[in-house]
Amino acid sequence: MNKVLAIANQKGGVGKTTTAVNLAASLAATKRNVLLIDLDPQGNATTASGIKTEEPNTLCEPFFNNTDPEDCIYTSPDGYKIIPGSQDLIALDVAIRDNNKQKYLSKVLAKVGNSFDYTIIDTPPTLNQLTIEALMAASGTLIPLQCEYYSLEGVTGLMQTIQTISDNNLSQNRVLGIIRTMVDLRNNLAKDVSNELENHFPSLVFNTLIPRNIKLAEAPSHNQSGVKYMPSSYGAKAYLALAGELIRKIENV
Ligand SMILES: Nc1ncnc2c1ncn2[C@@H]1O[C@H](COP(=O)(O)OP(=O)(O)OP(=O)(O)O)[C@@H](O)[C@H]1O
Ligand SMILES: [Mg+2]
């Protein structure tokens, strides 16, 4: 069964895209069939996935032109499939809302998602309609968080939104876990916030810490995930370990 996971946090630059891309590559490395969906008009996950096609099809084509959603699925050299994102998605965000077409993404996934073991959705740094689409389509949400003073601000709002959506029977979505990203444990504040997170959300915080690692930041400029670009780096190893922890958590193996 396709496990659909949204990667969300309305705070910018917390490692959503890095997590989406490297989790997709790590899960693909375990021979799972993975679909990554880039729902961010910034298109960062698309570039980082090595999609070289100029103006690739996005989820706009099936919406506005009634084309087959299969036509927007591309193959990343990193071993997973991807539905790319681009600036066009800004129009989709508005059109879904204005035309009352909520759950468009869920319908697309009902058509094309069945052949996948995992679908990972990268979302933009806002709680806009595209993010809501991801939260409604997902069965679980992963929240990347930087261990900083303000990191918890906004997360409660996100958790409430997920709860509201599932209370209204619009989805089965629940928060699957919080992922601590860009961790530098030499920094005392990071250590304190990290410990506080463990105390606050003992069953939600993933044990695997994603370290701040330059190889993860360099990889997108080589149009690759960190896992493919430098598999021996601390960052790549951490994402591979995170995928293992995720698999144990949701496949009960
Ligand atoms: N573990 C890490 N170590 C070092 N650099 C990292 C790490 N994770 C992410 N980065 C870098 O930090 C920046 C922000 O990361 P990323 O783009 O993944 O965040 P984001 O939450 O998707 O941002 P946005 O909200 O803009 O979509 C990027 O330049 C990325 O390369
Ligand atoms: Mg991003």
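All values below were derived from every heavy atom in this structure, side-chain atoms included, with hydrogens, water molecules and symmetry-related copies excluded. The first residue of the sequence shown is numbered 1, and numbering continues consecutively from there.
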*Mind checking side-chain hydrogen bond (donor to acceptor under 3.5 Å, both in side chains) for Q224 and listing every partner two or more places apart, or none if nothing turns up?*
none

*asked:* If we ignore hydrogens and angles and just use 3.5 Å, is the side chain of K3 paired with the main-chain N or O of F116 as donor and acceptor?
replied: no

*Give every residue pair that meets the side chain to side chain donor-acceptor pair (under 3.5 Å) criterion with at least one member in residues 189-201, sequence neighbours excluded.*
R180-S194, R180-E198

_E251 side chain near R32 side chain, heavy-atom distance below 4.5 Å_ = yes

*Side chains of F206 and L242: does their closest heavy-atom pair fall under 4.5 Å?*
yes

*Taking side chain as C-beta onward, heavy atoms only, is M159 less than 4.5 Å from I143?*
yes

*Can you run down the salt bridge (Lys or Arg N to Asp or Glu O under 4.0 Å) pairs that involve residues 73-96, sequence neighbours left out, and say none if there aren't any?*
D78-K228, D93-R97

*Name the one of I162, I121, L130 that satisfies side chain to side chain contact (heavy atoms under 4.5 Å, CB included) with L135?*
I162

*asked:* With heavy-atom distances below 4.5 Å as the criterion, would you say the side chains of I83 and D38 are in contact?
replied: no

*asked:* So does Q146 get a backbone contact from the side chain of S151, meaning a donor-acceptor N/O pair under 3.5 Å?
replied: yes

*asked:* A side-chain contact here means heavy atoms from C-beta on lying under 4.5 Å apart; do L105 and M136 qualify?
replied: no

*Would L240 and Y229 show up in the same hydrophobic cluster when neighbours are defined by side-chain heavy atoms closer than 4.5 Å?*
no

*Hey, are the side chains of S49 and I82 touching, using non-hydrogen atoms and a 4.5 Å cut-off?*
yes

_Treating T181 as the side-chain partner and L145 as the backbone partner, does any N or O pair qualify as donor plus acceptor under 3.5 Å?_
yes

_Would you say that L36 contacts T119 through its side chain, given a criterion of any heavy-atom pair below 4.5 Å between the two side chains?_
no

*Quick check: are there more than 12 heavy atoms from other residues, nucleotides or ligands sitting under 6.0 Å from CD of Q87?*
no

*Ion pair check, K215 and E218, cut-off under 4.0 Å*: yes

*Would a distance-only check, ignoring hydrogens and angles, find a side-chain to backbone donor-acceptor pair under 3.5 Å from D68 to E70?*
yes

*asked:* Checking the side chain of N65 only, and the main-chain atoms of T67 only, is there a donor and an acceptor separated by less than 3.5 Å?
replied: no

